[in-house]
Amino acid sequence: MSDCIFCRIAAGEIPAELVYEDDLVLGFRDLSPQAPTHVLIIPRKHIATLNDLQPEDEAIVGRLYSAAAQIAAREGLAERGYRTLINCNADGGQTVFHLHLHLLGGRQMNWPPG
Ligand code: DGP
């Protein structure tokens with residue numbers, strides 16, 4: 001989608017600091033990091049929210065998580081731990097309507113989240 005900022009990052013039209021790329025997903029550093037490591041992992045395919053997932057997208061969701069684990073290992077977070085999360089719609093705090101998995105690490109995470 002031409003008016004989607006994450007589609008434009010995936011297309012290379014907007015710069016981002018890429019940390020991971022494969023045939024289904026890519027990972028790049030968040031513009032406004034909330035932790036020492038804050039990476040967004042997105043599908044190449046435009047899926048607006050978690051509500052819009054179709055049965056045929058299940059492989060993409062699996063890949064989002066396996067990419068997150070690989071990035072966490074590369075960033076030295078695996079043993080200490082890290083958090084992954086997907087915000088959905090207004091109450092979930094979603095601001096960019098292209099599905100993305102947040103990977104946060106490098107500090108102690110709080111629970112419950114805000
Ligand atoms: P969410 O609130 O879950 O929709 O998270 C959207 C995240 O996207 C937020 O942490 C800031 C980040 N973000 C927004 N625009 C850009 C951008 O142009 N580049 C990058 N790298 N991150 C962005």
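Small disclaimer: the values here were computed from a predicted structure and weren't measured. First listed ligand is number 1; within each ligand, the first listed atom is number 1.
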Ring geometry between His102 and His38 (parallel below 30°, tilted from 30 to 60°, perpendicular above 60°): tilted
Rounded distance (nearest 0.5 Å) linking atom CG of Leu101 with atom CD1 of Ile60: 13.0 Å
Only one of Ile41, Leu103, Thr84 passes side-chain contact (heavy atoms from CB on, under 4.5 Å) with Leu64; say which it is. Ile41
Please produce the table of protein N or O atoms sitting under 3.5 Å from N or O atoms belonging to ligand 1, one pair a line, distance to 0.1 Å.
from: ligand 1; atom 1: 2 (O); to: Gly93; atom 2: O; distance (Å): 2.9
from: ligand 1; atom 1: 2 (O); to: Thr95; atom 2: N; distance (Å): 3.4
from: ligand 1; atom 1: 2 (O); to: Thr95; atom 2: OG1; distance (Å): 3.1
from: ligand 1; atom 1: 3 (O); to: Asn87; atom 2: ND2; distance (Å): 2.8
from: ligand 1; atom 1: 3 (O); to: His100; atom 2: NE2; distance (Å): 2.8
from: ligand 1; atom 1: 3 (O); to: His102; atom 2: NE2; distance (Å): 2.7
from: ligand 1; atom 1: 4 (O); to: Thr95; atom 2: N; distance (Å): 2.7
from: ligand 1; atom 1: 4 (O); to: Thr95; atom 2: OG1; distance (Å): 3.2
from: ligand 1; atom 1: 4 (O); to: Val96; atom 2: N; distance (Å): 3.0
from: ligand 1; atom 1: 4 (O); to: His100; atom 2: NE2; distance (Å): 3.0
from: ligand 1; atom 1: 5 (O); to: His100; atom 2: NE2; distance (Å): 3.0
from: ligand 1; atom 1: 5 (O); to: His102; atom 2: NE2; distance (Å): 3.3
from: ligand 1; atom 1: 10 (O); to: Asp30; atom 2: OD1; distance (Å): 3.1
from: ligand 1; atom 1: 10 (O); to: Asp30; atom 2: OD2; distance (Å): 2.5
from: ligand 1; atom 1: 21 (N); to: Arg29; atom 2: O; distance (Å): 2.9
from: ligand 1; atom 1: 21 (N); to: Leu31; atom 2: N; distance (Å): 3.4
from: ligand 1; atom 1: 22 (N); to: Leu31; atom 2: N; distance (Å): 3.2

Using a 6.0 Å cut-off, check whether atom CG of Asn51 has over 12 heavy atoms from anything other than its own residue. yes
Below 4.5 Å, heavy atoms only, C-beta onward: do Leu26 and Ile42 meet side chain to side chain? yes
Between Val39 and Tyr20, is there a side-chain heavy-atom distance shorter than 4.5 Å? no
